[in-house]
Structures are given as C-alpha cells and as structure tokens.
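Step one of this worksheet: look at the structure below.
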Amino acid sequence: MEESSAEPPDSSSAQDDLPHLAVKDVNVLLDRETTEDSSSVSRAEDDSTLLNAAPYRSTTEDNSKSDSSNPEVRNKSSGLCFTDGKRRIDYILVYRKSSTQTEKREIFERNIRAEGLHMEKEASLTNSDVIFLKLHAPWDVLCRYAELMNIRMPFRRKIFYKHRRHKFMSRMEKRINKFRGFLPRKPMKFTASLPDLEEGESFTAPFSRSRIHHFIIHNKDSFFNNATRSRIVHHILQRVKYEEGKNKMGLNRLLNNNSYEAAFPLHEGSYHSKHPVRTHGADNQRHLLYECWAWWGVWYKYQPLDLIRRYFGEKIGLYFAWLGWYTGMLFPAALVGLLVFLYGLFTLEHCQVSKELCEATDIVMCPICDQYCPYLRLSDSCIYAKVTHLFDNGATVFFAVFMAVWATVFLEFWKRRRAVLAYDWDLADWEEEEEEIRPQFEAKYSKKERMNPISGKPEPYQAFTDKYSRLVVSTSGIFFMILVVIAAVSGIVIYRVITVSTFAAFGWALIRNNSQVATTGTAVCINFCVIMLLNVVSSMQQPRTESEWENSFTLKMFLFQFVNINSSTFYIAFFLGRFTGRPGAYLRLINRWKLEECHPSGCLFDLCLQMGIIMVLKQTWNNVIELGAPILQNWWTRQSLRKDHGPSAKASFPQWERDYNLQPMNAYGLFDEYLEMILQFGFITIFVAAFPLAPLLALLNNIIEIRLDAYKFVTQWRRPLPSQDKDIGIWYDILEGIGILAVITNAFVIAVTSDFIPRMVYAYKYGPCAGQGRAGEGCMMGFVNASLSVFRVSDFEGRSQPKTNGSELFGEAVEYCRYRDYREPPDSAEPYSYTLQFWHVLAARLAFIIVFEHMVFAIKTLIAYLIPDLPKDLRDRMRREKYLIQEMMYEAELERLQKEKNERRRRGKAQNKEWP
C-alpha cells in the first residue's frame, strides 16, 4: 500500500483545533471598536490605497511590500494568485465603492478574517469604482471545513483485478481485436495519453484531521483541487454574519441588497493557446476542456466526463453525462423512425387509399366553413393524403410500441450508468450523508427548533401551517398560469374558427385554395409566439437552492411549461374535428362560429404540421438565444473596453477582470437546460406515432446542443460554483411520468386521430376480403367511398348555405355532397343517423386502446424487472472495495498500536538509563 509522501501535521494540534460551528457567534466582532469618525477616516484611507498601484492587504497577511515590485511576482498576481505569487485565489467578491452598504460589508469582511481566510483587494483596471476582493483559504481552514463538510478525499490507491474468462470467450475476443486492427483506433475518443486525464483512482473517505496521515498528500497546495477549495470558501461565506441578528448572515443576502455586485470562482486561465493540446499539452484545465470538449471540431467525440466533473463539479457533470447518454440512446430511435418514414415513402405508390382519393375527381366534398368556402373535389386533397401516408402507415403501430419500450430501456440503463458514475465520483454514499440546511431557511426559522431524528441535534423547524400555506399560495399561482395557458389556447381555437372563413374569401388564389393549411400554419406560428411569451412571464419566479424546494419549484414550473407547449397539440390530436356535428346541424361556438373541421384527408396532417413547426422553431430559437445572447453581450463588453482602453487592453487584464466581464450563469442554474431536454423528450414520445421523424430531429439538435452548452460554460459564462448531487433529481420521476403518458397518448393517437382502426375494420368486416382473415392493400378497395357519408345540399342551414352552387367548378349545380362520417343517407328511414359501421369502428377503437395499453405496460414492467439497477461488475467492485477498506483500517490500527508499543519500550529504556 502506498503511503502519503507529505509530512502530516501534528495530530495533537489537529485534535485541539476543533471544528467551528456553521454559524459563529460574532457579537464581539459586531461591537464597534472605534467611533463613527474614525471609521470614515479608515474607509477613506482604504480607498486611497486602492487607487495606488499596490493593492490593499488585510491584516492577516504577512507578505512584504517589496514583493509587489518584483516583475515576476506581478506577472503571477495578474493570473490566479495573490501579489506574492504563492497563495492561489479561491474566490472573488466584487463590489462598488459607491455602494451604500459599506458598513455591512466591513463587518462581513472582518468576520471573514475571523474565519481564517486571507483577503486582498485590488481596484479594477477599467473602472476605479469597482473593487475586487480576492479570497484564499489556507491549509488549516481547508482541513477544518473539509472535516465539517464531510468531503471525501483519497487515502489509498485502488487495485483492480481482471475477471477470468472462459477459453471460448477469450478466443472470440482475440478475433474481434484482430478485426478491429483494420479499423481506425477509437475515432470517437480523444487522445487517451493526455496527462491531465490520467488520474490514479483511489479509495476515498470523509476527511478527518485526526487521521490525516492516512490520506495521500503529495502536495498540500494540490491536495484540495480548485473546485473543492471554491466550495469550501462558498460554504464559509454563506454562514458568516454581516449584522447582529440571527437572520443577518450569508453571501446571498449581501448580493441581493447590492452590498456585493458579483461572487464567483475563477476560471483557470485562458481557453485559447497558440499550441494545440495534442502536441504541446494543455496550458490549464480550461484550455484542455475547450480543445477536447467545447471546440466544434470534436463534435463527434465522447465527452471527457471526469474532466468536466473535476472542473465544474458533480452536478454539472451529471447533467452532461445524462445529456450524452440521452443523445446516444436517440440513435436507434432516430434510425427506426427514419425507416418508418422511408417505408411510407416507398409504399406510397402502392397505397390503395391514396390512389382512390387521388382518382376521386367525381366526388364532391361539402364546404368546410360557412358561406365563403366552396365545394371541393376529393381529389384536391391528393397531396395531403400522400403526406399523411408517410407518417400513418402499417409501421406506425410498431413504432409506437418500439418508442414506449425504448423510453423504458433508456431510463433503466440510465440508472445503471448513473450508478457507475456515482461510484467513480464518490457519490454512492452521498445520499446517506446529512444534507446541509439552506442558510436562508436556517436564519428565518431559527427561533423554532426540534431534534433531528437522525443526528440527534437541534435544527430549525418550519411550522406545518406556515409550510402548507406557502405551498398553497405557490401552487395556486401555477394553476392560475395554467388557466392563462388554457385561455390562450382557447383564443387560438377561436382564431382558427374565424380565420378559415376569412382565408376562404381571400383575394389571393393560393391562399383561397389552401385556406385550411394557411389557417393551421398561421395558428401554429401564433401558438409558438404565445409559448415563448408565457415562458418569459413564468421566469419571474425565482427558484430555491435547497434540494426539496428546488424539486418543488421544478415540478410546478415543468407542469406549467408542459401545458404551455403541449396544450395546442392535445387540442389538434383529440378535439379538432371531433365535436363539429354534421352538415345541416353544426355545433357552434357561442351559437355563432362553426367549429373547425379536419381536412378531407384526415386530422393527422394538422398534427404533423403542428409538431414539426413547433419542434423545429422552438429548438432553433432556444439554441440561438442560449448561445447568441451571451455572445452578443460579451461582444458588446469587449467593444466598450477596446473603445476606452485600446484594442490590446484585454490581453493585459488579470483573470478576475476577464471573468468579471463574462456573463454570470443564469439564476435557474441547470433548470433551463434540463427543461429544454425534458420537453423535447415529451415531443419524441408522447405524439411520436404522428411524427416518426421527431427522434431524428431531436438527435440532430442534441449533437449541436452538447457542444453549444459546452462552449457556453467554458468560454461565455463565469465559472459556476462547483456543487455535488447524487443524480438528476426529480427530473427522473418526470421522465417516468412522461413515459407512462406517452403510452396512453399514442394509443389514442393511433385509435382516434389516425385512420388505422377504420381501415382494419373495413378490411376485416366490410371490404372485399371480409371474413377471409387477411388485410392487404387489395382488401382496401372502396374504403374511401365507405368512409364518406352523403348530404343533401337543400338541408343546409341558412347561415351555412354556400354563396356558390358549384356550377362554376362542376358545370352544374351540386345537389349532394360528401363528408367524413358514418351516417345514413338523407333518403333512409332515419336520415343522418349513425350506421352500424360507426359502432363497429368505435368498439374497435376502445378495444385497441385497452389492449395496446395493457400490452405495452406489461412489456415495460417486464423490461424494468429484467434489467438490474446495478451492473454485476460494479456490484463486485463495491463489495471488494468494502472488504479492502476494512482490511486497510485493520492494518492501520495494528500499525498504530505497534508504534505505541515501540514508543513505550523506548521510553522504558530511556528511564532505565537515567536511573543512577
């Protein structure tokens, strides 16, 4: 076993230095040591010091003034260290001298010094009013808070053992490897010999100062990486008081009241370099991330997840791991969806229904709106029928079942992937550790305390009435916003009803002849604008940072966004054309406007158009805004700096100045990133039966999305605070809910929206092959005529009577027209009543929904049962690790006892020698 090469600190001194409380009693620091006048004098001296070349130094620092005059030191200070060139900057606070919150800030900074942090102030090179406060955590502070926060650190190297394989498997593996020798060697993997990516894996344990000699400490400066150091400093800042009172603490409150303007950890240098990583190595971690991840030229390569996690923290690393896994799983879904589309394309010429519809030049269809809409030939819908066949064909049912199974497989295998990442990233036991209480929650409810049943320690308690009253208020707000969405959708429905008649009387022949398509297209575009507008309105609510409040916020906001983006799609899929009545007895809105009907070729074309436009427009808009907004803002900042300080001014800026000029990560954290992908997941599963190309569009978007997000995190945003998380949180439960909803909606889309069930009923019951037990294309002859009912024109209502009698199109006045329904002809004993075929189709639809749902749910449950949550090799590795840790602890304890025994012997011999 490898021992630590560093000299451990004295264990006795480490034990004497007990961990500080999370919130310190700082009443002594809050007492004024000087009068109001002396405070103003010291403040003036502080400001005059900042305006000079030498930056301000806190009283806790021991660096000399002569260090700042050294050019080498000054060069180091312009990067990532203090002016002495030794102490690295762990965190940056930014404030303005003109701020009115000077008193609170001074108290806050005195308490920061009391915690042991080193401070150094420096004025901005571009604005003398802006002051940068650089913070450094020394070794003893890092150790104290690493123990308090239960941060896991490496203490022994891992030993890996290869599993013994069967001889047959070994032969097969050799043959496969020989075949791989002719192929490019791992083209999707970045150069594996990069030194920065070769980290020795080690066993980890919660850090303890009393057992510091067990941990692998080669260098105290690099033992805690930059992400961990920033997290420790942020933990301290969140629990430091700035005023007397229990709720007067925390950096977030000072940011909210403008005491500080910004707070962020530093990027590790520039992401640009004259030399590529492959030949000269990486200048820093940020440069390495850019070259092997954020650069658009590596779009086809795997993501360096370990490097992402080391630089940005586990929470952001898990997001990109999930996004990469989701994108990889889209490949089979996109391939099958493309095959379904190509199947419809290749069988288009052999489709009997499309042939009959295109050849039906003698069938007159009834007008689709009041007065202004003319009579139409059924053959005018030929192109729409062919487009519908591309998505609604014999492979549609198979694809719907496939996507339902795919969603289950995706989630189950993600659980396995997450388990591997949690083990590799030391998150396997993270959920068992006690989660930190949010500082604002701790301050607000500190008056009421109760014992924690797990730790046995008192903790702040929120009363039941207060908790649920807040829940009721916030939930009511979300439901009100959902009602606003429903009202907006109702407005779009009214727009469609009114506009179809307007377009039918339009002067432009192209619009007039395609009035229904024009109505649908404009309605979808208006709906997209409404969606984006309501997104802006919903962003006014701010999320909580505590996980349970974050989950509550996520669920409520997702419900709103889901209803916002899918309400119109649900209307077109399940309500459009279903409740319009029949010619001569139309159902009307407010007894005035006739409800909209489907196109003569069916409603599926409208649904395809809705999904295609919304999906393409929304994804394109999101990508443009996500990347375009920070790029434009940073470009404008650079232009202002060049105008005021010259074109080469930015090159001489220190790193904190460069990072300050970048855009901060949005207030929602990863919420917007997850929300965009989860809504996309809903699009490709919920209505996939109507739009098989949705997975392909999602795949193309996600390939761009990964590099776009990477470029944004590395180059356009300030470095976010690294944080830990065990998984993707409540988003996984939302994905499971979407998977269940997808089965139900696809069953209804196939049974109700498409013509699959009416065709099957006709083929087996009413067509030429009735009673023969088969349903080929030859069995569909006469389906179009059988699916249309006859209406006598003289039975029209007065306000529905067309202004033309059809003589200009057909040469004579139209006496009878057809419409899509199963009703008796006007000359029958019960005119316009439902036929027996209508009831057969209705029964078949209900039976299909029940059978489809039960079958797919049974398959999903079986697959979820058969796929274990933990891979077998991971389970074996975890068991072996547990065994090795016990052996190591036992050996360490024996070694400690042996040392104590030897020490007692030496003391005994020394006493015997001193005896006269």
Side-chain angles (χ1 to χ4, degrees), residues 20-26 29-30 58 60 89-97 99-122 130-137 141-142 144-146 148-149 226-266 313 315 435-444 446 460 542-547 549-550 656 659-660 662 664-669 717-724:
H20 289 194
L21 295 176
V23 181
K24 295 189 65 178
D25 186 8
V26 291
L29 293 173
L30 293 173
S58 72
T60 60
I89 300 172
D90 297 322
Y91 212 80
I92 290 289
L93 299 179
V94 186
Y95 68 90
R96 292 184 179 270
K97 290 192 295 182
S99 173
T100 59
Q101 305 291 338
T102 306
E103 182 180 342
K104 295 178 180 179
R105 191 171 60 246
E106 288 180 348
I107 297 175
F108 185 72
E109 291 172 7
R110 288 206 301 270
N111 291 333
I112 291 176
R113 297 189 192 102
E115 291 287 348
L117 296 181
H118 293 183
M119 299 167 53
E120 187 176 75
K121 292 183 180 181
E122 188 162 333
V130 175
I131 306 299
F132 294 99
L133 176 61
K134 297 175 281 186
L135 300 178
H136 166 77
V141 174
L142 292 173
R144 185 169 72 244
Y145 277 94
L148 182 68
M149 297 168 64
N226 289 346
T228 303
R229 297 172 70 99
S230 300
R231 191 152 55 93
I232 290 175
V233 173
H234 181 78
H235 176 89
I236 296 173
L237 297 178
Q238 288 291 75
R239 283 153 176 80
V240 171
K241 288 190 175 182
Y242 59 86
E243 202 173 26
E244 188 173 4
K246 287 190 174 182
N247 61 341
K248 305 295 184 180
M249 68 173 182
L251 176 62
N252 286 348
R253 288 182 175 268
L254 292 178
L255 290 171
N256 291 334
N257 64 21
N258 295 323
S259 296
Y260 289 99
E261 190 172 294
F264 52 89
L266 285 180
K315 192 169 187 176
E435 189 178 6
E436 299 175 12
I437 299 176
R438 188 168 55 92
Q440 289 79 4
F441 180 88
E442 186 176 9
K444 186 173 182 62
S446 57
Q542 293 295 327
R544 307 284 184 173
T545 56
E546 191 180 351
S547 62
W549 286 100
E550 186 176 343
W656 54 82
D659 287 5
Y660 175 67
L662 295 178
M665 188 176 180
N666 57 60
Y668 298 96
W717 278 358
R718 296 172 190 163
R719 186 176 183 177
L721 178 71
S723 58
Q724 285 186 317

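If you check the side chains of Lys104 and Tyr260, you find no donor sitting under 3.5 Å from an acceptor. Side-chain contact annotation: Tyr242 with Glu109, donor-acceptor N/O pair under 3.5 Å absent. A side-chain donor from one of His234 and Tyr91 sits under 3.5 Å from a side-chain acceptor of the other.
Every side-chain contact (heavy atoms from CB on, under 4.5 Å) that Ala227 has, sequence neighbours left out, goes to Asn225, Arg719, Pro722. With sequence neighbours excluded, the residues that form a ring pair (Phe, Tyr, Trp, His ring centres under 6.0 Å) with Tyr660 are Phe132. Taking Asn257 as the reference, Ser259 meet the side chain to side chain donor-acceptor pair (under 3.5 Å) condition, with sequence neighbours excluded. Scored by the side chain to side chain donor-acceptor pair (under 3.5 Å) test, Asp659 finds Gln655 as partners (sequence neighbours excluded). Applying the side-chain contact (heavy atoms from CB on, under 4.5 Å) test to Ser99 and every residue at least two apart in sequence or in another chain returns Gln101, Arg105.
To the nearest 0.5 Å, the span separating CZ on Arg253 from NZ on Lys241 amounts to 12.0 Å. Here the straight-line distance linking atom CG of Leu117 with atom NE2 of His136 works out to 9.0 Å at 0.5 Å rounding. With rounding to the nearest 0.5 angstrom, the OG1 atom of Thr102 is 11.0 Å from the CD1 atom of Ile107. With values rounded to the nearest 0.5 angstrom, Arg718 atom CZ is found 11.0 Å from Ile92 atom CD1. Here CG of Leu142 is found 7.5 Å from CD1 of Ile236. Values are rounded to the nearest 0.5 Å. Atoms CG and CZ, on Leu148 and Arg239 in that order, are 8.5 Å from each other to the nearest 0.5 Å.
A distance-only check finds no donor-acceptor pair linking the side chain of Ser723 to the backbone of Lys315 [under 3.5 Å]. Between the side chain of Glu261 and the main chain of Arg96, no donor-acceptor pair closer than 3.5 Å is present. The main-chain N or O of Ala137 is found under 3.5 Å from a side-chain atom of Asp90 such that the two form a donor-acceptor pair. The closest donor-acceptor contact from the side chain of Asn111 to the backbone of Val240 lies at 3.5 Å or more, if one exists at all.
Leu251 and Ala263 get closest at one heavy-atom pair: CD2-CB, 3.7 Å.
By the 4.5 Å heavy-atom criterion applied to side chains, Leu135 and Leu237 are counted as neighbours. Residues Glu103 and Glu243 fail the side-chain proximity criterion, which asks for heavy atoms closer than 4.5 Å. The closest side-chain heavy-atom distance from Tyr95 to Leu255 is not below 4.5 Å. Contact annotation: the side chain of Val94 approaches that of Val130 to within less than 4.5 Å [non-hydrogen atoms, C-beta and beyond]. For the pair Arg231 and Gln724, the minimum side-chain heavy-atom distance is below 4.5 Å. By the 4.5 Å heavy-atom criterion applied to side chains, Leu266 and Trp656 are counted as neighbours.
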* Give the intermediate values and the outcome of side chain to side chain contact (heavy atoms under 4.5 Å, CB included) for residues Phe264 and Met665. => CA-CA 10 Å; Phe264 52 89; Met665 188 176 180; over 6 Å; no

* Evaluate the criterion side chain to side chain contact (heavy atoms under 4.5 Å, CB included) for residue pair Ile232 and Arg229; output intermediate values, then yes/no. => CA-CA 5 Å; Ile232 290 175; Arg229 297 172 70 99; 5.8 Å; no

